[in-house]
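Below is one structure, written out as C-alpha cells; comments come after it.
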Amino acid sequence: MNLEKTYNAASVEDKWYAYWLKHKFFRSVPDHREPFTIVIPPPNVTGVLHMGHMLNNTIQDILIRKARMEGKNACWVPGTDHASIATEAKVVQMLREKGIKKTDLTREQFLQYAFAWKEKYGGIILEQLKKLGASCDWERTRFTMEDSLSEAVIDAFIHLYKKGYIYRDLKMINWDPVAKTTLSNEEVIYEEKQSTLYYVKYLLKGSESYIPVATVRPETIMGNVAVCVHPDDERYAQFIGKTVIVPMVQREVPVIADSYVDKEFGTGALKITPAHDVNDYELGKKYNLPIIDCLNEDGTISEAAQVFIGLDRFTAREMAAKKLEQEGLLIKTEIITNKIGFSERTNAVVEPRLSMQWFVRMQELAGPALQNVMNDEIQFYPERFKNLYKHWLENIRDWPISRQLWWGQRIPAWYAPDGTYAVAKSREEAYEQLKENFPHLKPEELKQDEDVVDTWFSSWLWPISVFDGFKNPNNEDIRYYYPTSVLVTGWDIIFFWVARMIMAGYEFRNEKPFKKVYFTGMVRDKMRRKMSKSLGNSPDTLELLSKYGADGVRFGVMSAAAAGNDLLYDDKQPEQGRNFCNKMWNALRLIKGWEVTTTSEHSNHTAIQWFEQRLHESIEEIDHLFEDFKLSEALISLYKLIWDDFCSWYLEMIKPEFGKPIDAFTYDRTIDFFDILTRLLHPFLPFVTEEIWQNLRPRKDGDSICVSSYPKSYNDKTDRSLLKQAELAFEIISNIREIRNQAGLRNNVSIACYYNGSGDITFDSFSHYIKKLCRLHTFERSEEEFKDFDTFVSGGYKFFIDVPGRESKDENRQKVLKELEYMRGFLASVEKKLSNEKFISSAPPAVVENERKKRDDALKKIKLLEESLH
RNA sequence: GGGUGCAUAGCUCAGUUGGUUCAGAGCAUCUGCCUUACAAGCAGAGGGUCGGAGGUUCGAAUCCUUCUGCACCCACCA
C-alpha cells in the first residue's frame, strides 16, 4: 500500500461524496424502523452560505449521521426559502445594475427574473451543502415557492380566514420606503442614534405668545393637526382649547390636553401628527382629528404637505429646519440619543404608516405554543431560551402578513369593483361567493389582491408542507416523519420562525412540529462582530472548504460552539481540524506499513486491555455528552482520545522496532480499535473517517462507514483497573522524559532507571512500556540509594535516573525542593482540616476518610522526597 | 424603562448536584528535537487572588446579597 505523506482532503471528499450519493445512503422512505427526522432551516436564496450555515448544518449532519449509524431511519429534508423581501431586493438591485427598473416590468416578467435568480443561487447553496458533507435526502429537496408549498400557504390562509384569525384592517404599520412594503415588528431593527431635537414656536392665533414644541421630525410638521399638553401642566393651562398656527403651512389647529403627554420631557408640549406616529394616531382617533399624510410611499414629501413636495424626507428635514430658522420660529436645537428603526433587509429608516393590510390574530395561536414549550413537551436547548420565548408570546401582537411585493405567494383575496372581496382559492370560487350579492358581476371583473404574504407565512408551515401535509394530511410520509425529531437553528429567528412553526404545528395538525430545539449561537469574528456581508468579515466559505477541507471546517466550527453560545471564529480552528485529519491519516500509514507475522504470540496484553478500557470509558462519556447536546465537548473528548491515548500512548507502546514485524493478534486488535474510533468520529468528520475506514480492512462496493454501526459501550461491568496503573505509568514516563530533556540527552542515548518504595498502585504491567518509551536499558527495583542520580517521586515510589556525564543536578534538586514545599503546604492544609472538630462531625464519612488517606500519602511522599535530597 | 446572559491563563472557552493544594483544555509563548507514521509533527516548560466587596458553610470558581464592567433581547416617550 502506498499512501501519500499528507492527507489530501480535496480528492478524498469529492470521491466519497459521489460514492455516498451513488449508493443512496441518505435516501429515506418510511419503514418499520424508528424515524429520526430533521427539516433543514431553509437557507435564503439571496446568496451563498456563510459561517452560520456551516455551523448549523454541521450540527444537523452530526445528529443525522449518528442516528443513521444507530440504526434509525434518518431523514434530513433539504431545501431553500424564497425569502420574499430579501430576494426581491437583490433582484431589483441586480436589474438596476443592468439598467432595468422594476416599474418597467410586468409582474410576470419580474417573476421570471426572480426565478432565474433562485435557480442560480439556490443551486449554489445546495452544492455548498454537499461540499460540507451534508447527508440530506436530496430527492426530498423542497423550495418554499414551489407549487405544492405555495398551495399549502393558500390553504393555510383560507383556513385562518374562515376561522376569523385573518382580517383586513387599516392600521399603523412599519413601512419600508425603499422596498415600498409593510414590515412586521420583528423585521425592524432599532439602533441608538444621535438625532437633533428641534424646539419650534407654535404661535397662538392672533398673538405673539407661543407654545414651544420639541420634535426630531420637522419634516412632518406639515401633517400636524393639533398640539397636545398635559391637563395639569400650569405652563400651558391658558392655551388649552385655543388655536395655534402650524409653522410653514399656517394651518390653524387646536390645543388639546391629554395625560398621555409627559410634562418632563422636551417642552412638555407635543405636536400631533396622526399619519406619522403610532401614538399620535391613537390620540388623533381619540379626539377625532383629521389625518394629513405628508409622505409618499417612497419616503418623499407628498402634495398634502403643501411645501417641499417631492423632496426626500431627509432633505426636507434640513429644509424645514432652515425655513423655521428664517421665519424666526426655531428656538434652539439639541442633540439627543434616540432609537431609530431600520428595515432588516434594506436598511432603510422605517416609517410608521397608516395603511390597509392583512393581519393574523395571534392570541389564540399563541396559547398552545406557549404552554407546550413551558411544560417541556417541546424541549429547548439551552433551556434559558424559554424565557425569551415566553416573554414574546405573552406580549404577542397581531402579525401583519401582507407585503407590497411580487416575489411570494399572492394573497387569495378577490375584489369586486366596489371593493367587496372574497377569500378563495381561485377566481371561480371567489366569483361563486360574490355573485349572490352581485348578480351582474362577471368573473373577469374580479381583481386579485396585488400583495403577497410575508415570507415567514410560508416558512412557518415548512415542517408540515415539506411532507405535503396540507395537500394530503394523512399521507404516509407525514404520518411517519412528523413530528420531526429536532430543529437546529440560530436563536436570532426564535420569533420569526421557531415560535410561529410551533403555532402552525398545533393549529394545522394539532401536534408539535419537533420534539427538541437546539439553538446555535451566532458566529462572530475575532473582534466579536457578527459576521455579515456588509462588514466583509465573513470568510468565503467555499474557499475555506477547499483550503482546510470540509472535515477541517466542521472541526473548526464545532470545537468552539457550545449550544446557544456565540462563537468567535478564527482561522486557527479549521487549521486544527485539518491537522487532526492528517494525524489520523498518518496513524493509518503507520499501521498499514507494518509487516504482520502469522504468529499470535505477543507481549501487548497490557496495552491492548488498557486501551480497550479507556475506549469504553470514553464511549460512555460521549454518550452522555450527546444526550445533553454537548457536541463540542464530545468532539474534543474524541480528539483527545484519538490524538493522546491512541496515537501518543497506545501506538507508541505497541509499535514494533524499526524493520521488525508486528504479531497478528496485536495488529488485529489495533485495526479493531481504529475501526471503532473512526466510527465514533464519523458523525463529526465524515470524509476522513470514511477514507480511513475503507483502508483498514478489505471492503466491498456498497460498504460505507456511514451505514456501519455506531459503537456501544459495554453494558456489563467492564474492568477499569488498568486505567489507574496507566496514569501512574504515564506520569513516570513524563518524569523520566523531563529529566532526559533537562540533561539534553539525544534520543539514541539509553539510560538506566532504578526505583524503590511501594504504593497502592503498581506499574509492573507497564514496566516494559516505560522502558521502551523512555529508552531505558535498565529499569529495575533496587534498594540502594543512588546519591548522585537525578530523582523524582511518584505514586509512592522513588526513582533514580543515571544520566551519564551529568554535571549539575541543581535543576533536578530545585524541582524536588519545590515539590517538597508544595507537599508540606498541602499536608498542613489537610491536617488543619482533620483537626477541625466540625469538619469531622459534619462532613460525610467518605470525605473524611479521603482526607485521612491524603494525609498518609502526603506524609509518605514528603518522606521520600526528603530522602531523595541527600 | 423591563428582561436575559457573561466576567476563570496573553486569547477563546470548559468546569455537572459546593468536597483533594483542582484551578482545566485548545490556541499563543518558551526550551529541545527533521527520532524511519505525522514539522499539519515529537518531547517538555512557564503562565491564573476563578471581576470587586460582603454573607451562608467544617469547606465556595460553584449557593445568596450587592457593586462594577461588557454583550444581547424586548418596550409607542416627542
Side-chain angles (χ1 to χ4, degrees), chain A residues 3 5-7 172 185 190 197 213-217 228 260-262 264-273 277-282 336 338-339 352 382 384-385 387-388 391-392 395 491-492 494-495 522 526 528 548 552 559-560 562 564-568 570 572-573 575-576 578-594 624 628 630 632-633 636 639-640 647-648 651-652 655 658-659 733-734 737-742 744-748 775 822-823 825-830 833 836-844 846-848 850-851 853-854 857-858:
Chain A
L3 300 173
K5 198 172 172 187
T6 49
Y7 175 66
M172 201 60 118
N185 288 323
Y190 290 91
L197 185 62
V213 171
T215 177
V216 288
R217 304 208 56 191
C228 189
Y260 163 77
V261 178
D262 180 353
E264 310 303 321
F265 192 90
T267 63
L270 179 65
K271 71 185 178 74
I272 306 292
T273 323
D277 185 279
V278 185
N279 306 304
D280 291 13
Y281 174 67
E282 293 303 323
I336 58 156
N338 63 346
K339 295 241 178 178
R384 79 182 121 92
F385 286 108
N387 295 330
L388 195 61
H391 184 261
W392 188 75
N395 297 284
W491 56 259
D492 55 333
I494 187 168
F495 307 138
M522 302 292 108
K526 274 190 276 189
R528 282 190 185 281
Y548 297 105
S559 63
N565 285 1
D566 288 358
L567 82 100
L568 268 61
D570 181 14
K572 282 287 175 205
Q573 293 157 3
E575 194 181 315
Q576 197 187 346
R578 182 198 61 177
N579 295 355
F580 184 35
C581 293
N582 193 50
K583 181 73 183 176
M584 290 185 285
W585 174 252
N586 275 288
L588 176 72
R589 285 180 64 222
L590 172 70
I591 293 167
K592 298 306 281 188
W594 286 332
H624 286 128
D628 298 337
K630 294 188 172 175
S632 60
E633 284 181 58
I636 296 292
Y639 175 83
K640 286 191 225 168
C647 294
S648 296
L651 288 179
E652 291 300 331
K655 186 156 99 178
F658 176 64
I733 291 168
S734 291
R737 280 171 172 171
E738 190 184 344
I739 288 169
R740 288 190 64 112
N741 262 355
Q742 280 174 10
L745 289 181
R746 296 192 63 82
N747 293 301
N748 56 6
R775 304 233 172 191
Y822 172 90
M823 285 313 297
F826 175 75
L827 180 65
S829 94
V830 173
K833 216 182 268 189
N836 183 335
E837 294 272 340
K838 283 187 175 168
F839 172 71
I840 305 290
S841 54
S842 38
V847 172
V848 177
N850 192 30
E851 290 297 313
K853 186 177 178 315
K854 270 156 53 185
D857 288 348

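Computed from a predicted model, the values in this text were never measured in an experiment. Here is how names work: the chains are called A, B, and so on, in the same order as the sequence lines, proteins then strands, and each is numbered from 1.
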Practice task
Starting at atom CG of Asn741(A), determine the distance to atom P of U35(B), rounded to an integer number of angstrom.
Solution key: 15 Å

Exercise for the section: Look at the side chain of Trp491(A) and decide which nucleotide, out of A40(B), C73(B), A37(B), has an atom nearest to it. Expected result: C73(B)

Exercise for the section: Could I get the full list of ring pair (Phe, Tyr, Trp, His ring centres under 6.0 Å) partners for Tyr7(A), not counting sequence neighbours? Expected result: Trp585(A)

Exercise for the section: For Glu837(A), answer base if it contacts any base atom (sugar-phosphate contacts may also be present), sugar-phosphate if it contacts only those atoms, and nothing otherwise; contact means non-hydrogen atoms under 4.0 Å. Expected result: nothing

Problem - A25(B) to A14(B) separation - P atoms, rounded to the nearest Å - result: 16 Å

Handout entry: With sequence neighbours excluded, residues passing salt bridge (charged side-chain N to carboxylate O under 4.0 Å, His left out) with Lys583(A)
Key = none

Any protein N or O atoms within reach of nucleotides 75-78 of chain B? Criterion: under 3.5 Å, listing atom names and distances.
from   : atom 1 : to        : atom 2 : distance (Å)
A75(B) : OP1    : Arg397(A) : NH2    : 2.7
C76(B) : OP1    : Arg397(A) : NH1    : 3.1
C76(B) : O2'    : Asn279(A) : ND2    : 2.9
C76(B) : N1     : Asn279(A) : OD1    : 3.3
C76(B) : O2     : Asn279(A) : OD1    : 2.2
C76(B) : O2     : Asn279(A) : ND2    : 3.2
C77(B) : N3     : Asp262(A) : OD2    : 3.0
A78(B) : O2'    : Ala214(A) : O      : 2.7
A78(B) : N6     : Asp262(A) : O      : 2.5
A78(B) : N6     : Phe265(A) : O      : 3.2
A78(B) : N1     : Asp262(A) : N      : 3.4

Handout entry: Interatomic distance, Asp492(A) CG vs C73(B) C1' [rounded to whole Å]
Key = 12 Å

Practice task
Scan Lys655(A) against the nucleic acid and name what it touches under 4.0 Å (heavy atoms): base, sugar-phosphate only, or nothing.
Solution key: base

Problem - Spatial distance of atom CG (Asp857(A)) from atom CG (Leu827(A)) [nearest 0.5 Å] - result: 11.0 Å

Practice task
Would you kindly give the CG-to-C1' distance between Asn579(A) and C42(B), to the nearest whole Å?
Solution key: 14 Å

Exercise for the section: Using the P atom as the reference point in each nucleotide, state the distance between U12(B) and C70(B) in Å, no decimals. Expected result: 16 Å

Handout entry: Among C42(B), C38(B), C73(B), the nucleotide that comes nearest once only the side chain of Asn582(A) is considered
Key = C38(B)

Problem - Results of side chain to side chain contact (heavy atoms under 4.5 Å, CB included) for Ile591(A) - residues two or more places apart only - result: Trp594(A), Phe646(A), Leu651(A), Tyr667(A), Thr670(A), Ile671(A), Phe674(A)

Exercise for the section: Establish, with yes or no, whether the OP1 or OP2 oxygen of U21(B) is under 4.0 angstrom from a side-chain nitrogen or oxygen of Ser829(A). Expected result: yes

Practice task
Can you measure from CZ (Arg775(A)) to CG (Leu745(A)) and round to the nearest 0.5 angstrom?
Solution key: 11.5 Å

Exercise for the section: Among the candidates A40(B), C72(B), G41(B), find the nucleotide nearest to the side-chain atoms of Lys583(A). Expected result: G41(B)

Handout entry: Atom pair NE2 (His624(A)) and CD (Glu633(A)), whose distance is rounded to the nearest 0.5 Å
Key = 13.5 Å

Problem - Integer-rounded Å distance: A37(B) P and Phe658(A) CZ - result: 7 Å

Exercise for the section: Using a 4.0 Å heavy-atom cut-off across all strands, classify Arg737(A) as base, sugar-phosphate, or nothing. Expected result: sugar-phosphate

Practice task
Using side chain to side chain contact (heavy atoms under 4.5 Å, CB included) as the criterion, list what pairs up with Asn747(A), not counting sequence neighbours.
Solution key: none

Exercise for the section: For A60(B) and G19(B), measure between their P atoms and round to the nearest Å. Expected result: 11 Å

Problem - Euclidean distance, atom CD of residue Gln576(A) to atom C1' of C13(B) [Å, nearest integer] - result: 13 Å

Exercise for the section: Counting heavy atoms from C-beta on, name the nucleotide in C38(B), U21(B), A45(B) closest to the side chain of Lys854(A). Expected result: U21(B)

Completion exercise
Heavy-atom nearest nucleotide on RNA chain B taken for Ser734(A) and for Trp594(A); more 5' hit belongs to Trp594(A)

Practice task
Might you point out which heavy atoms bring Met172(A) and Asp277(A) nearest each other, and give the distance in Å?
Solution key: CE-O, 3.1 Å

Practice task
Send over the distance from Ile591(A) CD1 to U36(B) P, rounded to a whole Å.
Solution key: 19 Å

Problem - Non-neighbouring partners of Lys655(A) that pass salt bridge (charged side-chain N to carboxylate O under 4.0 Å, His left out), sequence neighbours left out - result: Glu652(A)

Exercise for the section: Give the rounded distance in Å between these two atoms: CE of Met522(A) and P of U12(B). Expected result: 19 Å

Between N or O atoms, less than 3.5 Å apart, protein on one side and nucleotides 28-30 of chain B on the other: list the pairs.
from   : atom 1 : to        : atom 2 : distance (Å)
A28(B) : OP1    : Lys572(A) : NZ     : 3.4

Problem - Gap separating the OG atom of Ser559(A) from the NZ atom of Lys572(A), nearest 0.5 angstrom - result: 13.0 Å

Handout entry: N or O in side chain of Lys5(A) less than 4.0 angstrom from A40(B) OP1/OP2
Key = no

Handout entry: Short side-chain donor-acceptor distance under 3.5 Å, Tyr260(A) and Glu282(A)
Key = no

Fill in the blank from the handout: Contacts of Lys5(A) meeting side chain to side chain contact (heavy atoms under 4.5 Å, CB included) (sequence neighbours excluded), chain-then-number -> Arg589(A)

Handout entry: Phe495(A): ring pair (Phe, Tyr, Trp, His ring centres under 6.0 Å) partners, not counting sequence neighbours
Key = Trp392(A)

Exercise for the section: Please state the P separation for the pair C50(B) and G24(B) - nearest whole angstrom. Expected result: 13 Å

Problem - Whole-Å P distance, G41(B) and C27(B) - result: 9 Å

Handout entry: Touch class at under 4.0 angstrom, heavy-atom based, for Gly593(A) against every strand present
Key = nothing

Problem - OP1 or OP2 of G41(B) under 4.0 Å from side-chain N/O of Arg578(A) - result: no

Practice task
Under the side-chain hydrogen bond (donor to acceptor under 3.5 Å, both in side chains) rule, collect the residues that match up with Asn387(A), sequence neighbours excluded.
Solution key: none

Problem - Separation of the P atoms in U35(B) and A39(B), to the nearest angstrom - result: 10 Å

Problem - Distance between P atoms of U66(B) and U21(B) (Å, rounded) - result: 31 Å

Problem - Interatomic distance, Asn387(A) CG vs C73(B) C1' [rounded to whole Å] - result: 11 Å

Taking only N/O atoms, report every protein-nucleotides 56-59 of chain B pair under 3.5 Å with atom names and distance.
from   : atom 1 : to        : atom 2 : distance (Å)
C58(B) : O2'    : Asn836(A) : ND2    : 3.0

Practice task
Go through the N and O atoms of the side chain of Gln742(A) and the base of A43(B), and report whether any donor-acceptor pair is under 3.5 Å.
Solution key: no

Exercise for the section: Would you mind classifying the nucleic acid contact of Cys647(A) as base, sugar-phosphate or nothing, using non-hydrogen atoms under 4.0 angstrom? Expected result: base

Problem - A9(B) versus C30(B) - spacing of their C1' atoms, nearest Å - result: 15 Å

Exercise for the section: Could you provide the dot-bracket string of RNA chain B, using ( ) for intrastrand pairs, [ ] for crossing pairs and | for bases paired to another strand, with Watson-Crick or G-U pairs below 3.5 Å? Expected result: (((((((..((((.....[....)))).(((((.......))))).....(((((..]....))))))))))))....

Practice task
For the residue pair Glu575(A) and Arg578(A), establish whether any side-chain heavy-atom pair is separated by less than 4.5 Å.
Solution key: yes

